Visitor: 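Take this structure, written in structure tokens, and hold onto it; I'll ask about it next.
Just so it is clear, the model here is predicted, and its values are computed rather than measured. In what follows, residues are counted from 1 in the order of the sequence shown.
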Amino acid sequence: MKAARITLDSLAVRRPRPTLDNPQHLCLDKGYDYPEIEAAVRKRHYTLHLRHRGECVPRRRRHPARRWVVERTGAWHNRFRKLLIRFEKRVSNYLGLVHLACCLIVYRLAILG
């Protein structure tokens with residue numbers, strides 16, 4: 001919550017100017033349900049999508065919930081203990097293990113599909 005305003009101000013990619021036809025949306029979870037955050041988001045002209053604390057999730061969904069790609073990929077990498085607990089001191093050795101883990105992940109996805 002404390003770093004939300006700093007994060008919004010330090011975006012590396014310039015976002016397009018919001019228009020009525022193409023507004024800029026920002027989706028946040030219940031952890032950001034604070035009046036300060038809402039004011040900061042509206043000040044930056046985002047259309048806020050925020051579920052408030054205590055609000056129930058609607059039962060009907062059009063699409064099933066999916067994990068974000070980055071979170072899912074990080075979880076796949078954490079299955080490799082050698083990457084999770086880094087023993088290598090040299091960066092080149094660690095990078096080689098990361099590449100090997102990526103190859104194993106892709107291979108397993110192709111086989112198990």
Visitor: Show me the side-chain donor-acceptor pairs of residues 34-47 shorter than 3.5 Å, one per line, residues at least two apart or across chains.
Guide:
residue : atom : partner : partner atom : Å
Arg44   : NE   : Asp9    : OD1          : 2.9
Arg44   : NH1  : Ala40   : O            : 2.7
Arg44   : NH2  : Asp9    : OD1          : 2.9
Arg44   : NH2  : Asp9    : OD2          : 3.1
Tyr46   : OH   : Arg15   : NE           : 3.4

Visitor: Could I get the full list of side chain to side chain donor-acceptor pair (under 3.5 Å) partners for Asn78, not counting sequence neighbours?
Guide: none
Visitor: Are Leu95 and Leu100 connected into the same hydrophobic cluster when the rule is that any two of I, L, V, M, F, W, Y join if their side-chain heavy atoms are below 4.5 Å apart?
Guide: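 Cluster IDs for Leu100 and Leu95 differ.
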Visitor: Run the side-chain contact (heavy atoms from CB on, under 4.5 Å) test against Thr19 and tell me which residues pass, sequence neighbours left out.
Guide: Asp21, Asn22
Visitor: Does Phe87 have any side-chain contact (heavy atoms from CB on, under 4.5 Å) partners at least two apart in sequence or in another chain, and if so, which?
Guide: Arg81, Ile85
Visitor: Rounded to the nearest 0.5 Å, what's the gap from CZ on Arg51 to SG on Cys27? Could you check?
Guide: 10.5 Å
Visitor: Could you go step by step and tell me if His77 and Ile105 meet the side-chain contact (heavy atoms from CB on, under 4.5 Å) rule?
Guide: CA-CA 8 Å; His77 281 95; Ile105 289 169; 4.2 Å; yes
Visitor: Looking only at heavy atoms, which two atoms of Thr7 and Ala3 are closest? And how far apart?
Guide: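 It is OG1-O, 2.7 Å.
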Visitor: With sequence neighbours excluded, give me every side chain to side chain donor-acceptor pair (under 3.5 Å) pair touching residues 85-103.
Guide: Lys82-Glu88
Visitor: Indicate yes or no: at least one non-hydrogen side-chain atom of Phe80 is less than 4.5 angstrom from one of Leu97.
Guide: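 Side chain of Phe80 against side chain of Leu97, heavy atoms only: no contact under 4.5 Å found.
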Visitor: Would a single hydrophobic cluster contain both Leu83 and Leu109, if residues Ile, Leu, Val, Met, Phe, Trp and Tyr are joined by side-chain heavy-atom contacts under 4.5 Å?
Guide: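 In one cluster: yes.
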Visitor: Report the residues that fulfil salt bridge (charged side-chain N to carboxylate O under 4.0 Å, His left out) with Lys30, sequence neighbours left out, ordered by chain and then residue number.
Guide: none
Visitor: Could you go step by step and tell me if Leu28 and Leu26 meet the side-chain contact (heavy atoms from CB on, under 4.5 Å) rule?
Guide: CA-CA 7 Å; Leu28 299 174; Leu26 183 65; 4.2 Å; yes
